[in-house]
Trainee: 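This structure is in structure tokens; I'll ask about it shortly.
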Amino acid sequence: MIDLKYLQKNYEETATKLIKKGVDSEILEALKQRFIELKEVNSTFEEAKANQNQMSKLFGQYKKDGKDIAELKVKVDANKELLSSLQESAREANEALNSLALGIPNFPDDRVPDGEDENDNVELKKVLKPTTFNFIPKEHWELSEINGWIDFGRGVKLAKSRFSVLRGDGARLERALINFFLDENRAKGFEEVAVPFINNASMLQGTGQLPKFEDDLFKIEDENLYLIPTAEVPLTNLYNDEILREKELPMLLTAYTPCFRKEAGSAGRDTRGMIRQHQFSKVEMVAISKPDDSERIFEMMVQNASDILTKLGLPHRIVELCGGDLGFSASHTIDLEVWLPGQNQYREISSISNTKEFQARRAKIRFKDSKKNTFVHTLNGSALAVGRTIVAIMENYQNEDGSVNIPEVLKRYM
RNA sequence: CGGGAGAUGUCAGAGCGGUUGAAUGUGCCAGUCUUGAAAACUGGUGAGGGUAAUUCCUCCGGGGGUUCGAAUCCCCCUCUCCCGGCCA
């Protein structure tokens, strides 16, 4: 949730920023108008309510003293009529504002480059040189036909398209990677957490998936519950509606979870292979920090994810997302893209975002800053997406016969 | 899934129709004392919103109702605990 008071006071500035993120200026104009309306309606309602409270007090006093209450009752009844209609319009104004405000994305950070989509993202640096082969490297689905690590057909049979089954060393590799990632994160100070894979609607609103992106989520029938699309949801919302102590911050959390996404908008993209699945494993980092610390922690998280890739010997590059490619809740995002020799391109394997106070405002996560309560900053990032790491290992560590070597650092996990 | 009890501030726990946003204890913050700490004592301490401000409005699990007035009465929902059933 953006700060509406700030929007009202600095309309031009915020409008410019949000347009960079693809928000229609008419919606912003409407939002500002609704906000002003709400304040008006509220103040007249509150005035009438104060009036009523005062008369009610008097009413009690009169009864106690045995005075006649008939005249007062007439006045109080009349005001009650007025009150209920005012309350109704205040409620409507509030709902109108809220439903609009919940659909507005976060402000991009000042340093975020302009741009429409992923083509305008800015490469910051490359780490490790792309792997070279003295044969033509295969894509991971071809390799899985040879080594039997991924069974796509039976995944589809069990569930539907975009599900798969890992078998043998493929399954063991997944388990090894999860353990490796968690250990690496723990070494950097992240607390390991095991969370529910199903969360309720209010948590998904807290991190920004609801109400706007309901179509991307798997909902449990007849329940107010959803399969989580990322561990960012349960980890960040661990402190939903709480006021933390200053000395508890920063909070660094990591969890392994499966992630469930409908991929509603991506029909036809990456239909082949394990790049885009409805269910995938991921180890996530989440940080909850004081505003002044978030930038430093953000850098640390990027470095950590990059270090993990380096330890695995996977060539990758670090990319700064442009305004148009930023996610709904993010103010600043850096993606890590791993080199896939079979596809001959870099593909996203981690995305690290600082949402500043956007999620904290929605989820009401605050800390006691000496006297007053202040919104925390929340950050999240993958370290790393497990399925895509398996793909990357298969393609980068492949031999000409289709067998795949195991990276040195994983040997103790398998 | 069936039967019973309950949901109040960090926590524990009063209040059961009228200056109660809420006693008391505890926790936390500050101070006194102390070489320092502990103990003891003193003071402060829920959240959100509106106003330039005194002040005002909202919140006692969530939603609705009764009433001039509700934490307190009624209805629905959710959750927790106890008993029984089922079951990793």
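Heavy-atom basis, side chains included; hydrogens, waters and symmetry copies ignored. Lettering of chains follows the sequences in order, A, B, ..., and the numbering in each one begins at 1.
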Trainee: Take a 6.0 Å sphere around NZ of A:Lys411 and say whether it holds more than 12 heavy atoms from other residues, nucleotides or ligands.
Mentor: yes
Trainee: Distance check: side-chain N/O of A:Lys5 vs OP1/OP2 of B:G50, anything under 4.0 Å?
Mentor: yes
Trainee: State the CG-CG distance between A:Leu204 and A:Asn237, to the nearest 0.5 angstrom.
Mentor: 7.5 Å
Trainee: In terms of the angle between their ring planes, are A:His278 and A:Phe163 parallel, tilted or perpendicular, with boundaries placed at 30° and 60°?
Mentor: tilted
Trainee: Base, backbone or nothing for each nucleotide of nucleotides 55-78 of chain B, written B, S, -, heavy atoms under 4.0 angstrom, 5' to 3'?
Mentor: -SBS---------BS---------
Trainee: Let me know, please, whether A:Lys39 or A:Lys247 comes out on the 5' side of the other along RNA chain B by nearest nucleotide.
Mentor: A:Lys247
Trainee: Would you mind listing every salt bridge (Lys or Arg N to Asp or Glu O under 4.0 Å) that reaches into residues 212-231 of chain A, with sequence neighbours excluded?
Mentor: none
Trainee: Write down the distance between OH (A:Tyr239) and P (B:U10), rounded to a whole number of angstrom.
Mentor: 16 Å
Trainee: For B:A47, does OP1 or OP2 lie under 4.0 Å from any side-chain N or O of A:Asn373?
Mentor: yes
Trainee: With sequence neighbours left out, what residues match A:Tyr226 under ring pair (Phe, Tyr, Trp, His ring centres under 6.0 Å)?
Mentor: none
Trainee: For B:C29, take OP1 and OP2 only and decide whether either is under 4.0 Å from a side-chain N or O of A:Arg245.
Mentor: no
Trainee: For A:Arg162, enumerate each residue passing the salt bridge (Lys or Arg N to Asp or Glu O under 4.0 Å) test, keeping only those at least two apart in sequence or located in another chain.
Mentor: none
Trainee: Taking only Watson-Crick and G-U wobble pairs with both distances under 3.5 Å, what dot-bracket line describes RNA chain B, where [ ] shows pairs that cross earlier ones and | shows pairs with another strand?
Mentor: ((((((((..[[..)..(.....]].((((((.......))))))((((......)))).[[[[[..)....]]]]])))))))....
Trainee: What distance, rounded to whole Å, do you find between the two P atoms, one in B:G17 and one in B:C73?
Mentor: 8 Å
Trainee: When rounded to the nearest 0.5 angstrom, what distance separates CE in A:Met394 from CD1 in A:Ile146?
Mentor: 9.0 Å
Trainee: For A:Lys80, what residues pass the salt bridge (Lys or Arg N to Asp or Glu O under 4.0 Å) criterion, not counting sequence neighbours?
Mentor: none
Trainee: Looking at every strand, decide which applies to A:Leu72 at a 4.0 Å heavy-atom threshold: base, sugar-phosphate, or nothing.
Mentor: nothing
Trainee: Can you check the distance between B:U58 and B:G6, where both ends of the measurement are the P atom (answer in whole Å)?
Mentor: 29 Å
